[in-house]
Amino acid sequence: MKILHTADWHLGQTFYEYDRREEHFHFLEWLKQQIKQHEIDVLLIAGDVFDSPNPSAESQRVYYRFLREVTSENPSLQIVIIAGNHDSAARLEAPNPLLEDMNIIVRGTVRRNAEGDIDLQHLIVPLYTEGKVAAYCLAVPYLRQGDYPSAENYSKGVQQLYEQLFNKVKEKGIPVVAMGHLQATGSEISGDDRSERTVIGGLECVSPDAFNEAITYTALGHLHRSQRVSHRENVCYSGTPMPMSFAEKNNASGVVMITIDTEGTNIEKLEFQPLAGLVSIPPEARPLEEVLQVIGELPDGDVTLRSPYLEIKILMTEPEPSYKYKIEEALKGKAVRLARIAAMLPQKKASGIAATSYEELQTIRPLDMALDVFKRKYGGTEMPDTMKQLLESVIKEAGI
């Protein structure tokens, strides 16, 4: 059996007002080629298919066109999709009666029976090769409050759910594959990507121990960097097909291919080259005159769909009302697409959180602010865990 693992497509994402539809087309065409070339049996999509729970009609057309074309070209292909935190679980599941006829299974919600117990069987999907069940997939979507067994915290509740699911199939004597959309303890987040931390929430980290070592492979989504988790070779994030922020500009893109046969399991990364890259200049914020010199070294040419997105970091040591105009003039004739000008103030030497721009200030988590204030007020003492958990729950309730 050959399995392809991908996640975090974020169809419909607007990148600083640029439409990324052509970039997604480019990825999906490449993905169809990989499925055909490697004779893939199962495609796993581990959440965040869309960038928004209310995706545009065009984004949905891109998604459904891909599903129709890839299943038409590969009649024996089975697809399993789980919802991520960006997806509307109900919207993703709505076309199931039609999709199931195309050998596509979507799991967005956790069902409960009349007694209030979780419908475990609904989350267990048989995987077939040549008409026979060759493996079982634990298709667990992004879990919200009430989606997991009662436990003292989120992590333990999620772990209990995976344990219950695995216990249902472990005696079958065939491989088990797990799916999840979560942050695993020990995983790495793209440097300085505060927006990713905001989505995740520090108390929602799940230990890799949640995935029994007898599970053949665990396909994760949620984090945008492709990686294995805590040295577990078979617990992996596939990463996003393309960078979603400038903090992710150096991330490697691609999908993970898993081959399961009588000799064991082989896991390899299939590298993908996004249509357009991301460039930040200069490496550190510099005064305007130095920035203009660096811009002058950029390649000349026409702007196309392959032209990289550009972030410019400028150090504002004094008021400069015309800096945007000067930058835009300097960029004329350059083969780049200006996405962001980050105007930063000189950092003052101080302990605690230091925001260097208004944009950065907007991305700081309320909890981080509270922890910083507590630490400075009480002479470097860390906030007690109990107080931290209570504050986190209040912040979540308030939706900030």
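If you check the side chains of Glu320 and Ser322, you find a donor sitting under 3.5 Å from an acceptor. Defined by atom type and a distance below 3.5 Å, a donor-acceptor pair is missing between the side-chain atoms of Arg144 and Asn85.
Side chain of Lys334 to backbone of Gly296: a donor-acceptor contact under 3.5 angstrom is found. The backbone N or O of Pro243 lies less than 3.5 Å from no partner atom in the side chain of His224, so there is not a single donor-acceptor pair. Side chain of Glu23 to backbone of Met242: no donor-acceptor contact under 3.5 angstrom is found. Remark: side-chain polar atoms of Lys313 are not paired, donor with acceptor, to backbone N or O of Arg286 under 3.5 angstrom. Thr71 places a side-chain N or O within 3.5 Å of a backbone atom of Leu67 that can act as its donor or acceptor partner. In terms of modelled atom types and a separation under 3.5 Å, the side chain of Asn103 and the main chain of Pro75 share no donor-acceptor contact. At distances below 3.5 Å, not a single donor-acceptor pair connects side-chain atoms of Ser307 with backbone N or O atoms of Arg337. Without hydrogens or angle criteria, His86 side chain to Asp51 main chain gives a donor-acceptor distance under 3.5 Å. Put simply, the side chain of Thr304 gets close to the backbone of Arg306: a donor and an acceptor are under 3.5 Å apart. At distances below 3.5 Å, at least one donor-acceptor pair connects side-chain atoms of Lys36 with backbone N or O atoms of Glu73.
Listed here is the closest heavy atom pair of Pro208 and Arg232: O-NH1, 3.1 Å. Contact record, Ser88 with Pro53: CB-O, 3.2 Å, taken as the closest heavy-atom pair. What you find for Val169 and Tyr136 is that their closest heavy atoms are CG1-CG, 4.0 Å. Across all non-hydrogen atoms, the minimal contact from Pro175 to Ala134 is CD-O, 3.3 Å. The heavy-atom pair separating Pro55 from Ser52 by the smallest distance is CD-O, 3.4 Å. In plain terms, the two heavy atoms of Ala276 and Tyr309 that are nearest each other are CB-CE1, 4.2 Å.
Side chains of Asp87 and Asp48 form a contact here, defined as non-hydrogen atoms less than 4.5 Å apart. The closest side-chain heavy-atom distance from Leu138 to Val176 is below 4.5 Å. Between Thr185 and Cys205, the closest side-chain pair of non-hydrogen atoms falls below 4.5 Å. Using a 4.5 Å heavy-atom cutoff, the side chains of Ile118 and Val110 are in contact. Using a 4.5 Å heavy-atom threshold, the side chains of Asn74 and Ile40 count as separate. Taking the side chain as every heavy atom from C-beta outward, Asn234 and Thr216 never approach each other to under 4.5 Å. Taking the side chain as every heavy atom from C-beta outward, Leu298 and Leu331 approach each other to under 4.5 Å. At least one side-chain heavy atom of Leu288 sits less than 4.5 Å from a side-chain heavy atom of Ile327.
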Exercise for the section: Determine, stepwise, if the pair Asp368 / Asp372 fulfils side-chain contact (heavy atoms from CB on, under 4.5 Å). Expected result: CA-CA 6 Å; Asp368 289 337; Asp372 183 62; over 6 Å; no

Practice task
May I have the step-by-step check of side-chain contact (heavy atoms from CB on, under 4.5 Å) for Leu99 and Ile81, ending in yes or no?
Solution key: CA-CA 11 Å; Leu99 295 179; Ile81 304 168; 5.8 Å; no

Handout entry: Steps toward side-chain contact (heavy atoms from CB on, under 4.5 Å) verdict (Val177, Val42)
Key = CA-CA 11 Å; Val177 175; Val42 180; over 6 Å; no

Practice task
Apply the test side-chain contact (heavy atoms from CB on, under 4.5 Å) to residues Leu223 and Gln183: give CA-CA distance (whole Å), side-chain angles for both, the deciding distance (0.1 Å), then the verdict.
Solution key: CA-CA 7 Å; Leu223 298 192; Gln183 183 188 8; 4.1 Å; yes

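One distance of note links CD1 of Ile267 with OH of Tyr217; it measures 6.0 Å at 0.5 Å rounding. Atom-to-atom distance recorded for Ile3:CD1 and Cys137:SG is 8.0 Å, nearest 0.5 angstrom. Rounded to the nearest 0.5 angstrom, Thr240 OG1 and Arg225 CZ are separated by 11.0 Å. Within the model, atoms CD of Gln160 and OG of Ser155 stand 10.5 Å from one another, a figure rounded to the nearest 0.5 Å. Taking CD1 of Ile258 as the start and CE of Met1 as the end, the distance is 11.0 Å to the nearest 0.5 Å. If you take CE on Met316 and CE on Met344, they are separated by 12.0 Å, rounding to the nearest 0.5 Å.
Tracing side-chain contacts under 4.5 Å through hydrophobic residues (I, L, V, M, F, W, Y), one never reaches Phe15 starting from Val303; they form parts of separate clusters. In the hydrophobic cluster analysis, where Ile, Leu, Val, Met, Phe, Trp and Tyr join through side-chain heavy atoms closer than 4.5 angstrom, Val140 is grouped together with Phe211. In the hydrophobic cluster analysis, where Ile, Leu, Val, Met, Phe, Trp and Tyr join through side-chain heavy atoms closer than 4.5 angstrom, Tyr63 is grouped together with Leu77. A continuous path of ILVMFWY side-chain contacts below 4.5 Å connects Ile260 to Met179, so both sit in one hydrophobic cluster. Val256 and Phe272 are members of different hydrophobic clusters when ILVMFWY side chains are connected at heavy-atom separations under 4.5 Å.
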Using distance only, find each side-chain donor-acceptor pair of residues 25-34 under 3.5 Å and give its atom names and separation, not counting sequence neighbours.
residue, atom, partner, partner atom, Å
His26, NE2, Gln273, O, 3.3
Glu29, OE2, Lys32, NZ, 3.0
Lys32, NZ, Glu69, OE1, 2.5
Gln34, OE1, His38, NE2, 3.4

Please set out all donor-acceptor pairs under 3.5 angstrom arising from side-chain atoms of residues 119-131, sequence neighbours excluded.
residue, atom, partner, partner atom, Å
Asp119, OD1, Gln121, N, 3.4
Asp119, OD1, His122, N, 3.3
His122, NE2, Arg111, NE, 3.4

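With side-chain heavy atoms closer than 4.5 Å counting as contact, directly or through intermediates, the hydrophobic cluster containing Leu275 also holds Leu305.
The neighbour count for Gln37 CD, taken as heavy atoms of other residues, nucleotides or ligands under 6.0 Å away, is above 12. Annotation: Lys269, atom NZ; neighbour count of heavy atoms from other residues, nucleotides and ligands within 6.0 Å is above 12. The environment of NZ in Lys168 is sparse: at most 12 heavy-atom neighbours from other residues, nucleotides or ligands sit within 6.0 Å. For Asp300, the CG atom is densely surrounded, since the number of other residues' heavy atoms within 6.0 Å is greater than 12.
Under a 4.0 Å N-O distance rule, the pair Glu58/Arg61 qualifies as a salt bridge.
Remark: Arg340 is not positioned above the aromatic ring of Tyr16, lacking an NZ or CZ atom under 6.0 angstrom from the ring centre and at most 45 degrees off the axis.
Tyr148 and Tyr162 have their aromatic ring centers separated by at least 6.0 angstrom.
For the side chain to side chain contact (heavy atoms under 4.5 Å, CB included) criterion with Val49, the lone passing option out of Val106, Asp8, Leu11 is Leu11.
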